[in-house]
Amino acid sequence: MKIWLCLLFITLVYGGAAWFTNQPQEVGADVPAGKLKSLSFAPYHDGYSPIDNTFPLPEHIEGDVRLLADKTHTIRTYSILGGLEPTPGFARQYGVEMIQGGWLGDGPDGNRKEITALIQSVNANADVVKRVIVGNEVLLRNDMTVERLVAYIREVKQAIKQPVSYADVWSIYLKYPQLIKEVDFITLHILPYWEDEPVAIENALAHIDKIILQVQAQMRRMGENKPILIGESGWPAVGRQRGLAVPSVVNEATFIRGLIRLAEHRQLDYNIVEAFNQAWKSHHEGVVGANWGLFSTSRQAVFPLTGPVSERPHWPFGFAAAVLLCAVVVAFNLHKLAVLPLPRLAALLALLLLMSLCLSHLAEFLWRTSYNTWQHSYAVSMVLANAALAAGVGRRCYDILAKQPPAPVLAGGLRLGYLAFMGLALYQSYILAFNGRYISFPVEQFTIPALGIAALWLCQQLNRPGLSGHKLAFAPLLGMVARHPYDGNIAMLLALGIPALIFGETANFMSGGDFIQAHPQFWQALPVALGYTLYNQQLQLWLLCVLSLIVPFLPWRWQTALALPRA
(Lines give C-alpha, C1' and ligand atoms only; values in the text may rest on other atoms or scores of the structure.)
Protein backbone atom coordinates (compact mmCIF):
# COMPACT_ATOMS: atom_id res chain seq x y z
CA MET A 1 0.00 0.00 0.00
CA LYS A 2 2.87 2.38 0.82
CA ILE A 3 4.23 1.96 -2.69
CA TRP A 4 0.92 2.66 -4.44
CA LEU A 5 0.10 5.66 -2.27
CA CYS A 6 3.53 7.11 -3.01
CA LEU A 7 3.07 6.53 -6.74
CA LEU A 8 -0.39 8.11 -6.59
CA PHE A 9 1.00 11.21 -4.90
CA ILE A 10 3.79 11.57 -7.49
CA THR A 11 1.28 11.03 -10.30
CA LEU A 12 -0.95 13.79 -8.94
CA VAL A 13 2.03 16.17 -8.72
CA TYR A 14 3.13 15.42 -12.28
CA GLY A 15 -0.46 15.52 -13.50
CA GLY A 16 -1.07 18.92 -11.93
CA ALA A 17 2.07 20.30 -13.58
CA ALA A 18 1.05 18.82 -16.94
CA TRP A 19 -2.46 20.24 -16.65
CA PHE A 20 -1.12 23.68 -15.79
CA THR A 21 1.43 23.79 -18.65
CA ASN A 22 -1.07 22.55 -21.24
CA GLN A 23 -3.85 25.05 -20.56
CA PRO A 24 -5.40 26.58 -23.73
CA GLN A 25 -3.97 30.00 -24.53
CA GLU A 26 -5.53 33.13 -25.95
CA VAL A 27 -4.03 33.75 -29.39
CA GLY A 28 -5.92 36.80 -30.60
CA ALA A 29 -9.27 37.65 -32.08
CA ASP A 30 -11.27 34.90 -33.77
CA VAL A 31 -11.09 34.56 -37.55
CA PRO A 32 -14.19 36.43 -38.84
CA ALA A 33 -16.99 33.88 -39.16
CA GLY A 34 -14.27 31.23 -38.79
CA LYS A 35 -13.47 31.59 -42.49
CA LEU A 36 -10.23 32.71 -44.16
CA LYS A 37 -9.88 34.66 -47.40
CA SER A 38 -7.58 32.18 -49.12
CA LEU A 39 -5.56 29.02 -48.45
CA SER A 40 -2.76 27.39 -50.43
CA PHE A 41 -4.19 24.15 -51.79
CA ALA A 42 -2.06 21.05 -52.46
CA PRO A 43 -4.24 17.92 -52.06
CA TYR A 44 -1.38 15.45 -51.56
CA HIS A 45 -2.40 12.73 -49.12
CA ASP A 46 0.00 10.34 -47.37
CA GLY A 47 1.86 8.27 -49.95
CA TYR A 48 1.45 10.84 -52.74
CA SER A 49 4.23 13.16 -53.84
CA PRO A 50 5.13 15.27 -56.87
CA ILE A 51 8.73 14.14 -56.32
CA ASP A 52 7.69 10.55 -57.05
CA ASN A 53 5.12 11.55 -59.69
CA THR A 54 2.33 10.09 -57.59
CA PHE A 55 -0.36 12.74 -58.00
CA PRO A 56 -3.67 13.37 -56.20
CA LEU A 57 -6.69 11.35 -57.24
CA PRO A 58 -9.97 13.10 -58.14
CA GLU A 59 -11.60 11.79 -54.95
CA HIS A 60 -8.77 13.34 -52.91
CA ILE A 61 -9.32 16.70 -54.53
CA GLU A 62 -13.08 16.57 -54.08
CA GLY A 63 -12.83 15.58 -50.42
CA ASP A 64 -10.31 18.32 -49.68
CA VAL A 65 -12.29 21.05 -51.44
CA ARG A 66 -15.44 19.95 -49.63
CA LEU A 67 -13.58 20.08 -46.29
CA LEU A 68 -12.26 23.59 -46.98
CA ALA A 69 -15.53 25.02 -48.28
CA ASP A 70 -16.56 26.30 -44.85
CA LYS A 71 -12.99 27.30 -43.87
CA THR A 72 -11.99 29.57 -46.76
CA HIS A 73 -13.50 31.67 -49.53
CA THR A 74 -10.68 30.97 -51.99
CA ILE A 75 -8.00 28.37 -52.67
CA ARG A 76 -4.68 29.08 -54.33
CA THR A 77 -3.24 26.33 -56.55
CA TYR A 78 0.28 26.17 -57.97
CA SER A 79 -0.28 24.14 -61.13
CA ILE A 80 -3.07 22.98 -63.39
CA LEU A 81 -1.30 19.74 -64.35
CA GLY A 82 -0.18 16.77 -62.26
CA GLY A 83 -3.64 15.45 -61.44
CA LEU A 84 -5.03 18.86 -60.47
CA GLU A 85 -7.08 19.33 -63.64
CA PRO A 86 -10.45 18.55 -61.92
CA THR A 87 -9.93 21.22 -59.24
CA PRO A 88 -11.97 24.05 -60.88
CA GLY A 89 -14.96 21.74 -61.29
CA PHE A 90 -14.95 20.74 -57.62
CA ALA A 91 -14.41 24.36 -56.59
CA ARG A 92 -17.54 25.31 -58.56
CA GLN A 93 -19.48 22.43 -57.00
CA TYR A 94 -18.67 23.53 -53.43
CA GLY A 95 -18.80 27.30 -53.91
CA VAL A 96 -15.08 28.04 -53.60
CA GLU A 97 -13.23 30.57 -55.77
CA MET A 98 -9.70 30.01 -57.07
CA ILE A 99 -6.40 31.80 -57.55
CA GLN A 100 -5.07 29.56 -60.31
CA GLY A 101 -1.32 29.11 -60.55
CA GLY A 102 0.84 28.00 -63.44
CA TRP A 103 4.05 26.20 -62.47
CA LEU A 104 7.23 27.22 -64.27
CA GLY A 105 10.72 25.83 -63.94
CA ASP A 106 10.55 22.30 -65.41
CA GLY A 107 12.34 23.20 -68.62
CA PRO A 108 11.04 24.73 -71.89
CA ASP A 109 8.84 21.74 -72.80
CA GLY A 110 7.32 21.52 -69.32
CA ASN A 111 6.78 25.28 -69.19
CA ARG A 112 5.02 25.24 -72.58
CA LYS A 113 2.66 22.45 -71.50
CA GLU A 114 1.85 24.30 -68.28
CA ILE A 115 1.17 27.66 -69.96
CA THR A 116 -1.06 26.07 -72.61
CA ALA A 117 -3.05 24.12 -70.03
CA LEU A 118 -3.27 27.17 -67.76
CA ILE A 119 -4.78 29.38 -70.46
CA GLN A 120 -7.27 26.71 -71.50
CA SER A 121 -8.38 25.98 -67.93
CA VAL A 122 -8.70 29.62 -66.91
CA ASN A 123 -10.81 30.52 -69.94
CA ALA A 124 -12.98 27.44 -69.42
CA ASN A 125 -13.59 28.25 -65.74
CA ALA A 126 -13.84 32.02 -65.68
CA ASP A 127 -16.70 31.85 -63.18
CA VAL A 128 -14.44 30.13 -60.62
CA VAL A 129 -10.91 31.35 -61.40
CA LYS A 130 -10.80 35.00 -60.35
CA ARG A 131 -7.03 35.63 -60.49
CA VAL A 132 -4.03 33.95 -62.10
CA ILE A 133 -0.41 33.62 -60.97
CA VAL A 134 2.23 32.77 -63.57
CA GLY A 135 5.23 31.16 -61.89
CA ASN A 136 6.07 30.59 -58.24
CA GLU A 137 9.51 31.64 -56.87
CA VAL A 138 11.08 31.00 -60.27
CA LEU A 139 13.58 33.83 -59.85
CA LEU A 140 14.40 32.84 -56.27
CA ARG A 141 15.33 29.36 -57.53
CA ASN A 142 17.19 30.82 -60.54
CA ASP A 143 15.12 28.61 -62.84
CA MET A 144 14.94 31.26 -65.58
CA THR A 145 15.80 34.84 -66.40
CA VAL A 146 13.50 37.70 -65.58
CA GLU A 147 13.14 38.41 -69.31
CA ARG A 148 11.88 34.89 -70.01
CA LEU A 149 9.47 35.14 -67.09
CA VAL A 150 8.12 38.47 -68.31
CA ALA A 151 7.48 36.90 -71.73
CA TYR A 152 5.33 34.18 -70.12
CA ILE A 153 3.43 36.77 -68.05
CA ARG A 154 2.67 38.83 -71.16
CA GLU A 155 1.55 35.75 -73.08
CA VAL A 156 -0.95 34.77 -70.41
CA LYS A 157 -2.22 38.35 -69.96
CA GLN A 158 -3.02 38.57 -73.66
CA ALA A 159 -4.90 35.25 -73.64
CA ILE A 160 -7.19 35.65 -70.59
CA LYS A 161 -9.37 38.30 -68.96
CA GLN A 162 -8.50 37.73 -65.29
CA PRO A 163 -5.83 39.77 -63.46
CA VAL A 164 -2.37 38.18 -63.72
CA SER A 165 0.54 38.23 -61.25
CA TYR A 166 3.83 36.54 -60.41
CA ALA A 167 4.58 35.17 -56.92
CA ASP A 168 7.93 35.34 -55.17
CA VAL A 169 9.56 36.38 -51.93
CA TRP A 170 9.23 40.09 -51.28
CA SER A 171 12.90 40.90 -51.93
CA ILE A 172 12.61 39.70 -55.54
CA TYR A 173 10.11 42.49 -56.33
CA LEU A 174 12.59 45.01 -54.96
CA LYS A 175 15.46 43.41 -56.87
CA TYR A 176 13.49 43.32 -60.16
CA PRO A 177 11.18 46.35 -59.99
CA GLN A 178 10.28 45.87 -63.68
CA LEU A 179 7.98 43.08 -62.50
CA ILE A 180 5.78 45.68 -60.83
CA LYS A 181 4.95 47.17 -64.23
CA GLU A 182 4.22 43.79 -65.82
CA VAL A 183 1.72 42.35 -63.35
CA ASP A 184 -1.83 43.43 -62.54
CA PHE A 185 -1.34 42.86 -58.81
CA ILE A 186 1.73 42.26 -56.64
CA THR A 187 1.99 38.80 -55.04
CA LEU A 188 4.46 38.70 -52.16
CA HIS A 189 5.65 35.77 -50.11
CA ILE A 190 6.47 36.96 -46.60
CA LEU A 191 7.49 34.18 -44.24
CA PRO A 192 9.14 35.57 -41.09
CA TYR A 193 10.31 32.11 -40.06
CA TRP A 194 12.33 31.67 -43.28
CA GLU A 195 13.87 35.13 -43.43
CA ASP A 196 17.67 35.27 -43.56
CA GLU A 197 17.28 36.96 -40.20
CA PRO A 198 14.47 34.91 -38.60
CA VAL A 199 11.86 36.98 -36.81
CA ALA A 200 10.40 36.17 -33.41
CA ILE A 201 6.65 35.60 -33.31
CA GLU A 202 6.27 38.77 -31.21
CA ASN A 203 7.74 40.87 -34.05
CA ALA A 204 6.44 38.95 -37.04
CA LEU A 205 3.50 41.23 -37.85
CA ALA A 206 5.60 44.38 -37.53
CA HIS A 207 8.08 42.78 -39.93
CA ILE A 208 5.34 42.10 -42.49
CA ASP A 209 4.00 45.62 -42.11
CA LYS A 210 7.48 47.05 -42.73
CA ILE A 211 7.84 45.02 -45.91
CA ILE A 212 4.43 46.09 -47.21
CA LEU A 213 5.37 49.74 -46.68
CA GLN A 214 8.69 49.18 -48.51
CA VAL A 215 6.95 47.68 -51.54
CA GLN A 216 4.33 50.42 -51.56
CA ALA A 217 7.10 53.03 -51.42
CA GLN A 218 8.79 51.35 -54.40
CA MET A 219 5.51 51.48 -56.33
CA ARG A 220 5.09 55.17 -55.59
CA ARG A 221 8.60 55.89 -56.89
CA MET A 222 7.59 54.12 -60.10
CA GLY A 223 4.26 55.92 -60.36
CA GLU A 224 2.34 52.67 -59.79
CA ASN A 225 -0.53 51.89 -57.43
CA LYS A 226 -1.42 48.22 -57.72
CA PRO A 227 -3.15 45.87 -55.28
CA ILE A 228 -0.97 43.69 -53.07
CA LEU A 229 -1.72 40.05 -52.35
CA ILE A 230 0.26 38.47 -49.52
CA GLY A 231 0.54 35.29 -51.56
CA GLU A 232 2.16 33.14 -48.91
CA SER A 233 2.45 33.76 -45.20
CA GLY A 234 2.22 31.41 -42.27
CA TRP A 235 4.08 29.80 -39.42
CA PRO A 236 5.19 26.19 -38.80
CA ALA A 237 3.60 24.21 -35.99
CA VAL A 238 6.43 21.73 -35.46
CA GLY A 239 10.12 21.54 -36.30
CA ARG A 240 13.48 23.20 -36.08
CA GLN A 241 13.88 26.55 -34.36
CA ARG A 242 15.68 29.17 -36.46
CA GLY A 243 17.24 31.92 -34.39
CA LEU A 244 14.36 33.76 -32.75
CA ALA A 245 11.63 31.93 -34.71
CA VAL A 246 10.11 29.05 -32.71
CA PRO A 247 7.70 26.61 -34.39
CA SER A 248 4.65 25.74 -32.32
CA VAL A 249 0.91 25.27 -32.69
CA VAL A 250 0.18 28.29 -30.49
CA ASN A 251 2.59 30.45 -32.52
CA GLU A 252 1.00 29.32 -35.79
CA ALA A 253 -2.47 30.25 -34.56
CA THR A 254 -1.21 33.55 -33.11
CA PHE A 255 0.46 34.48 -36.39
CA ILE A 256 -2.50 33.69 -38.60
CA ARG A 257 -5.01 35.58 -36.49
CA GLY A 258 -2.65 38.55 -36.25
CA LEU A 259 -2.01 38.53 -39.99
CA ILE A 260 -5.73 38.77 -40.66
CA ARG A 261 -5.99 41.87 -38.45
CA LEU A 262 -2.99 43.45 -40.19
CA ALA A 263 -4.42 42.71 -43.64
CA GLU A 264 -7.72 44.32 -42.68
CA HIS A 265 -5.88 47.36 -41.30
CA ARG A 266 -3.80 47.78 -44.48
CA GLN A 267 -6.68 46.77 -46.74
CA LEU A 268 -4.68 43.91 -48.22
CA ASP A 269 -5.66 40.52 -49.54
CA TYR A 270 -3.89 37.47 -48.14
CA ASN A 271 -3.36 33.76 -48.72
CA ILE A 272 -2.29 31.50 -45.86
CA VAL A 273 0.22 28.75 -46.52
CA GLU A 274 -1.22 26.21 -46.25
CA ALA A 275 -4.41 24.17 -46.03
CA PHE A 276 -2.87 20.74 -45.31
CA ASN A 277 0.39 19.49 -43.88
CA GLN A 278 2.46 18.06 -46.73
CA ALA A 279 4.34 14.88 -45.83
CA TRP A 280 6.30 14.91 -49.11
CA LYS A 281 7.94 18.22 -48.23
CA SER A 282 9.87 16.52 -45.43
CA HIS A 283 12.10 15.05 -48.17
CA HIS A 284 13.59 18.50 -48.85
CA GLU A 285 12.63 20.59 -45.81
CA GLY A 286 12.52 18.16 -42.90
CA VAL A 287 9.87 18.10 -40.22
CA VAL A 288 9.36 21.86 -40.32
CA GLY A 289 8.56 21.84 -44.05
CA ALA A 290 5.81 19.30 -43.54
CA ASN A 291 3.96 21.21 -40.80
CA TRP A 292 2.54 24.52 -42.06
CA GLY A 293 -1.05 23.36 -42.51
CA LEU A 294 -4.29 24.16 -40.77
CA PHE A 295 -5.05 20.45 -41.12
CA SER A 296 -2.82 17.42 -40.54
CA THR A 297 -2.05 14.91 -43.27
CA SER A 298 -4.99 12.88 -41.90
CA ARG A 299 -7.22 15.97 -42.37
CA GLN A 300 -7.65 16.70 -38.65
CA ALA A 301 -7.63 20.36 -37.56
CA VAL A 302 -4.24 21.35 -36.09
CA PHE A 303 -5.92 24.18 -34.16
CA PRO A 304 -9.29 25.97 -34.18
CA LEU A 305 -9.86 29.26 -36.00
CA THR A 306 -11.90 30.53 -33.07
CA GLY A 307 -11.37 30.44 -29.31
CA PRO A 308 -8.29 29.53 -27.24
CA VAL A 309 -5.63 27.16 -28.58
CA SER A 310 -3.77 24.38 -26.78
CA GLU A 311 -0.26 23.31 -27.78
CA ARG A 312 -0.96 19.69 -26.88
CA PRO A 313 -4.72 19.18 -26.61
CA HIS A 314 -4.38 15.40 -26.38
CA TRP A 315 -1.78 15.39 -23.60
CA PRO A 316 -4.02 13.40 -21.17
CA PHE A 317 -3.76 10.32 -23.42
CA GLY A 318 0.04 10.39 -23.37
CA PHE A 319 0.06 11.04 -19.66
CA ALA A 320 -2.30 8.14 -19.02
CA ALA A 321 -0.13 5.83 -21.14
CA ALA A 322 2.96 6.85 -19.16
CA VAL A 323 1.22 6.27 -15.80
CA LEU A 324 0.01 2.86 -16.97
CA LEU A 325 3.51 1.88 -18.10
CA CYS A 326 5.00 2.99 -14.78
CA ALA A 327 2.32 1.13 -12.83
CA VAL A 328 3.06 -2.08 -14.74
CA VAL A 329 6.78 -1.77 -13.95
CA VAL A 330 6.00 -1.17 -10.27
CA ALA A 331 3.57 -4.09 -10.14
CA PHE A 332 6.24 -6.50 -11.39
CA ASN A 333 8.75 -5.23 -8.83
CA LEU A 334 6.69 -4.78 -5.67
CA HIS A 335 8.79 -7.12 -3.56
CA LYS A 336 12.01 -5.32 -4.50
CA LEU A 337 10.61 -1.84 -3.96
CA ALA A 338 9.23 -2.78 -0.53
CA VAL A 339 12.73 -2.88 0.98
CA LEU A 340 13.42 0.80 0.21
CA PRO A 341 12.81 3.44 2.88
CA LEU A 342 10.21 6.03 1.92
CA PRO A 343 12.56 8.86 0.75
CA ARG A 344 14.46 6.52 -1.55
CA LEU A 345 11.26 4.86 -2.74
CA ALA A 346 9.79 8.26 -3.61
CA ALA A 347 12.94 9.23 -5.51
CA LEU A 348 12.93 6.01 -7.53
CA LEU A 349 9.20 6.17 -8.32
CA ALA A 350 9.56 9.81 -9.39
CA LEU A 351 12.37 8.77 -11.75
CA LEU A 352 10.39 5.83 -13.17
CA LEU A 353 7.34 7.98 -13.88
CA LEU A 354 9.47 10.77 -15.38
CA MET A 355 11.16 8.31 -17.72
CA SER A 356 7.78 6.83 -18.64
CA LEU A 357 6.52 10.31 -19.51
CA CYS A 358 9.61 10.97 -21.64
CA LEU A 359 9.16 7.64 -23.41
CA SER A 360 5.46 8.29 -24.07
CA HIS A 361 6.21 11.74 -25.48
CA LEU A 362 9.05 10.37 -27.62
CA ALA A 363 6.83 7.67 -29.13
CA GLU A 364 4.03 10.13 -29.93
CA PHE A 365 6.35 12.81 -31.32
CA LEU A 366 8.50 10.54 -33.47
CA TRP A 367 5.51 8.74 -34.96
CA ARG A 368 3.71 12.01 -35.68
CA THR A 369 6.77 13.45 -37.41
CA SER A 370 7.61 10.36 -39.47
CA TYR A 371 6.46 10.41 -43.08
CA ASN A 372 7.70 7.24 -44.76
CA THR A 373 8.55 3.62 -44.00
CA TRP A 374 12.19 4.35 -43.18
CA GLN A 375 11.27 7.14 -40.77
CA HIS A 376 8.62 5.01 -39.07
CA SER A 377 11.15 2.18 -38.68
CA TYR A 378 13.66 4.60 -37.19
CA ALA A 379 11.00 5.91 -34.80
CA VAL A 380 10.20 2.41 -33.53
CA SER A 381 13.92 1.62 -33.15
CA MET A 382 14.58 4.79 -31.15
CA VAL A 383 11.63 4.16 -28.84
CA LEU A 384 12.83 0.61 -28.18
CA ALA A 385 16.41 1.79 -27.62
CA ASN A 386 15.27 4.47 -25.18
CA ALA A 387 13.02 1.99 -23.39
CA ALA A 388 15.89 -0.47 -22.99
CA LEU A 389 18.23 2.24 -21.68
CA ALA A 390 15.55 3.53 -19.29
CA ALA A 391 15.04 0.01 -17.95
CA GLY A 392 18.77 -0.40 -17.38
CA VAL A 393 19.14 2.98 -15.70
CA GLY A 394 16.12 2.29 -13.49
CA ARG A 395 17.59 -1.04 -12.39
CA ARG A 396 21.00 0.52 -11.72
CA CYS A 397 19.37 3.32 -9.67
CA TYR A 398 17.52 0.69 -7.63
CA ASP A 399 20.77 -1.18 -6.96
CA ILE A 400 22.43 2.02 -5.74
CA LEU A 401 19.52 3.01 -3.51
CA ALA A 402 19.13 -0.52 -2.14
CA LYS A 403 22.92 -0.72 -1.60
CA GLN A 404 23.17 -3.76 -3.85
CA PRO A 405 26.56 -4.68 -5.33
CA PRO A 406 27.08 -3.67 -8.98
CA ALA A 407 25.90 -6.23 -11.52
CA PRO A 408 28.59 -6.78 -14.19
CA VAL A 409 26.09 -7.82 -16.88
CA LEU A 410 23.95 -4.73 -16.25
CA ALA A 411 27.03 -2.48 -16.25
CA GLY A 412 28.18 -3.94 -19.55
CA GLY A 413 24.76 -3.47 -21.12
CA LEU A 414 24.52 0.13 -19.94
CA ARG A 415 28.01 0.82 -21.27
CA LEU A 416 27.12 -0.48 -24.72
CA GLY A 417 23.84 1.42 -24.67
CA TYR A 418 25.45 4.71 -23.77
CA LEU A 419 28.24 4.24 -26.30
CA ALA A 420 25.60 3.61 -28.99
CA PHE A 421 23.75 6.80 -28.07
CA MET A 422 27.04 8.72 -28.01
CA GLY A 423 27.85 7.46 -31.50
CA LEU A 424 24.44 8.57 -32.73
CA ALA A 425 24.86 11.94 -31.01
CA LEU A 426 28.23 12.30 -32.74
CA TYR A 427 26.60 11.68 -36.13
CA GLN A 428 23.68 14.02 -35.40
CA SER A 429 25.95 16.84 -34.20
CA TYR A 430 28.09 16.85 -37.33
CA ILE A 431 25.09 16.57 -39.65
CA LEU A 432 23.56 19.57 -37.87
CA ALA A 433 26.88 21.43 -38.14
CA PHE A 434 27.38 20.98 -41.87
CA ASN A 435 23.89 20.53 -43.32
CA GLY A 436 21.45 21.55 -40.61
CA ARG A 437 19.10 24.07 -42.22
CA TYR A 438 16.19 21.62 -42.39
CA ILE A 439 17.24 19.05 -39.76
CA SER A 440 15.54 19.15 -36.37
CA PHE A 441 17.53 19.03 -33.15
CA PRO A 442 16.88 15.47 -31.81
CA VAL A 443 16.39 16.55 -28.21
CA GLU A 444 13.49 14.17 -27.57
CA GLN A 445 15.61 11.17 -28.63
CA PHE A 446 18.34 11.96 -26.10
CA THR A 447 16.30 13.15 -23.12
CA ILE A 448 16.29 9.73 -21.46
CA PRO A 449 20.08 9.20 -21.87
CA ALA A 450 20.74 12.65 -20.42
CA LEU A 451 18.20 12.15 -17.65
CA GLY A 452 19.78 8.78 -16.89
CA ILE A 453 23.20 10.33 -16.19
CA ALA A 454 21.61 12.88 -13.85
CA ALA A 455 19.53 10.22 -12.11
CA LEU A 456 22.51 7.94 -11.52
CA TRP A 457 24.51 10.78 -10.04
CA LEU A 458 21.64 11.84 -7.77
CA CYS A 459 21.19 8.31 -6.54
CA GLN A 460 24.87 8.21 -5.67
CA GLN A 461 24.43 11.42 -3.67
CA LEU A 462 21.59 9.83 -1.70
CA ASN A 463 23.91 6.91 -1.04
CA ARG A 464 27.02 8.98 -0.28
CA PRO A 465 28.17 7.06 2.83
CA GLY A 466 28.40 3.81 0.89
CA LEU A 467 30.02 5.35 -2.22
CA SER A 468 32.23 7.98 -0.65
CA GLY A 469 35.12 7.51 -3.08
CA HIS A 470 33.15 7.79 -6.30
CA LYS A 471 33.09 10.77 -8.60
CA LEU A 472 30.86 11.74 -11.51
CA ALA A 473 32.66 9.33 -13.82
CA PHE A 474 31.36 6.91 -16.42
CA ALA A 475 32.55 3.65 -14.87
CA PRO A 476 31.32 4.21 -11.27
CA LEU A 477 27.98 5.54 -12.48
CA LEU A 478 27.29 2.35 -14.40
CA GLY A 479 28.76 0.04 -11.77
CA MET A 480 31.89 -0.92 -13.74
CA VAL A 481 35.06 -1.91 -11.91
CA ALA A 482 37.24 0.16 -14.27
CA ARG A 483 36.76 2.40 -17.25
CA HIS A 484 37.53 0.93 -20.67
CA PRO A 485 40.62 2.70 -22.04
CA TYR A 486 38.97 3.61 -25.34
CA ASP A 487 35.56 4.73 -24.09
CA GLY A 488 36.69 8.36 -23.85
CA ASN A 489 37.65 8.64 -27.52
CA ILE A 490 34.10 8.97 -28.75
CA ALA A 491 33.43 11.53 -26.03
CA MET A 492 36.35 13.61 -27.31
CA LEU A 493 35.00 13.51 -30.86
CA LEU A 494 31.56 14.41 -29.55
CA ALA A 495 33.04 17.37 -27.68
CA LEU A 496 34.54 18.67 -30.93
CA GLY A 497 31.04 18.63 -32.40
CA ILE A 498 29.95 21.46 -30.09
CA PRO A 499 32.12 24.22 -31.64
CA ALA A 500 31.50 22.68 -35.08
CA LEU A 501 27.75 23.01 -34.57
CA ILE A 502 27.97 26.59 -33.33
CA PHE A 503 30.24 27.48 -36.25
CA GLY A 504 27.96 25.80 -38.81
CA GLU A 505 24.81 27.43 -37.47
CA THR A 506 26.44 30.87 -37.42
CA ALA A 507 27.92 30.47 -40.92
CA ASN A 508 24.49 29.49 -42.25
CA PHE A 509 23.04 32.82 -41.12
CA MET A 510 26.00 34.80 -42.46
CA SER A 511 25.68 33.25 -45.94
CA GLY A 512 22.15 34.56 -46.56
CA GLY A 513 21.86 37.18 -49.29
CA ASP A 514 19.57 39.52 -47.37
CA PHE A 515 21.72 39.07 -44.25
CA ILE A 516 24.86 40.06 -46.17
CA GLN A 517 23.09 43.10 -47.60
CA ALA A 518 21.99 44.20 -44.11
CA HIS A 519 25.40 43.47 -42.51
CA PRO A 520 28.10 43.84 -45.19
CA GLN A 521 31.04 44.01 -42.77
CA PHE A 522 32.23 40.66 -41.37
CA TRP A 523 32.92 41.91 -37.85
CA GLN A 524 29.55 43.64 -37.83
CA ALA A 525 27.74 40.54 -39.06
CA LEU A 526 29.46 37.99 -36.79
CA PRO A 527 27.94 39.02 -33.42
CA VAL A 528 24.47 39.27 -34.99
CA ALA A 529 24.66 35.78 -36.49
CA LEU A 530 26.24 34.36 -33.34
CA GLY A 531 23.44 35.91 -31.30
CA TYR A 532 20.82 34.11 -33.42
CA THR A 533 22.73 30.86 -32.94
CA LEU A 534 23.17 31.07 -29.19
CA TYR A 535 19.60 32.24 -28.59
CA ASN A 536 18.25 29.05 -30.15
CA GLN A 537 16.64 27.23 -27.25
CA GLN A 538 16.46 23.93 -29.09
CA LEU A 539 20.19 24.15 -29.78
CA GLN A 540 20.80 24.92 -26.11
CA LEU A 541 18.84 21.82 -25.07
CA TRP A 542 20.72 19.71 -27.60
CA LEU A 543 24.07 20.93 -26.30
CA LEU A 544 22.89 20.14 -22.77
CA CYS A 545 22.13 16.57 -23.87
CA VAL A 546 25.54 16.30 -25.53
CA LEU A 547 27.34 17.70 -22.49
CA SER A 548 25.57 15.22 -20.22
CA LEU A 549 27.16 12.43 -22.26
CA ILE A 550 30.60 14.07 -22.31
CA VAL A 551 31.01 15.22 -18.70
CA PRO A 552 31.40 11.73 -17.14
CA PHE A 553 34.54 11.29 -19.28
CA LEU A 554 36.17 14.58 -18.29
CA PRO A 555 39.21 14.50 -15.99
CA TRP A 556 38.15 15.11 -12.39
CA ARG A 557 39.96 18.44 -12.25
CA TRP A 558 37.80 19.61 -15.19
CA GLN A 559 34.64 18.43 -13.45
CA THR A 560 35.70 20.45 -10.42
CA ALA A 561 36.28 23.50 -12.64
CA LEU A 562 32.73 23.09 -13.94
CA ALA A 563 31.55 23.27 -10.31
CA LEU A 564 30.24 19.71 -10.36
CA PRO A 565 29.68 18.51 -6.77
CA ARG A 566 31.82 15.68 -5.53
CA ALA A 567 30.19 12.36 -4.76
- Where at least one partner belongs to residues 287-305, residue pairs that pass salt bridge (Lys or Arg N to Asp or Glu O under 4.0 Å), sequence neighbours excluded: Asp64-Arg299
- Task: Using only heavy-atom distances, determine whether the side chains of Tyr94 and Glu62 contain a donor-acceptor pair under 3.5 Å.
- Result: yes
- Note on the structure: Contacts of Asn508 meeting side-chain contact (heavy atoms from CB on, under 4.5 Å) (sequence neighbours excluded), chain-then-number -> Arg437, Ser511
- Message: Does anything in residues 407-431 form a side chain to side chain donor-acceptor pair (under 3.5 Å)? List the pairs, not counting sequence neighbours.
- Response: Arg415-Asp487, Ser429-Trp542
- Message: Show every salt bridge (Lys or Arg N to Asp or Glu O under 4.0 Å) that has at least one partner inside residues 529-540, sequence neighbours left out.
- Response: none
- Note on the structure: By salt bridge (Lys or Arg N to Asp or Glu O under 4.0 Å), Arg257 pairs with (sequence neighbours left out) Asp30
- Task: Determine which pairs satisfy salt bridge (Lys or Arg N to Asp or Glu O under 4.0 Å) with at least one residue from residues 314-339, sequence neighbours left out, and list them in order.
- Result: none
- Message: The criterion is ring-ring contact (aromatic ring centres under 6.0 Å, His included); which residues satisfy it with Phe319, sequence neighbours excluded?
- Response: none
Which side-chain N or O atoms in residues 323-332 pair as donor and acceptor under 3.5 Å with protein atoms at least two apart or in another chain?
none

- Message: Per the side chain to side chain donor-acceptor pair (under 3.5 Å) rule, what does the pair list look like for residues 364-374, sequence neighbours excluded?
- Response: Asn291-Tyr371, Glu364-Arg368
- residues 1-12 vs side chain to side chain donor-acceptor pair (under 3.5 Å), sequence neighbours excluded, gives none
- Message: Could you work out, with salt bridge (Lys or Arg N to Asp or Glu O under 4.0 Å) as the rule, every residue matching Glu197, not counting sequence neighbours?
- Response: none
- Message: Going by salt bridge (Lys or Arg N to Asp or Glu O under 4.0 Å), name the residues that satisfy it together with Arg240, two or more places apart in sequence or in a different chain.
- Response: Glu505
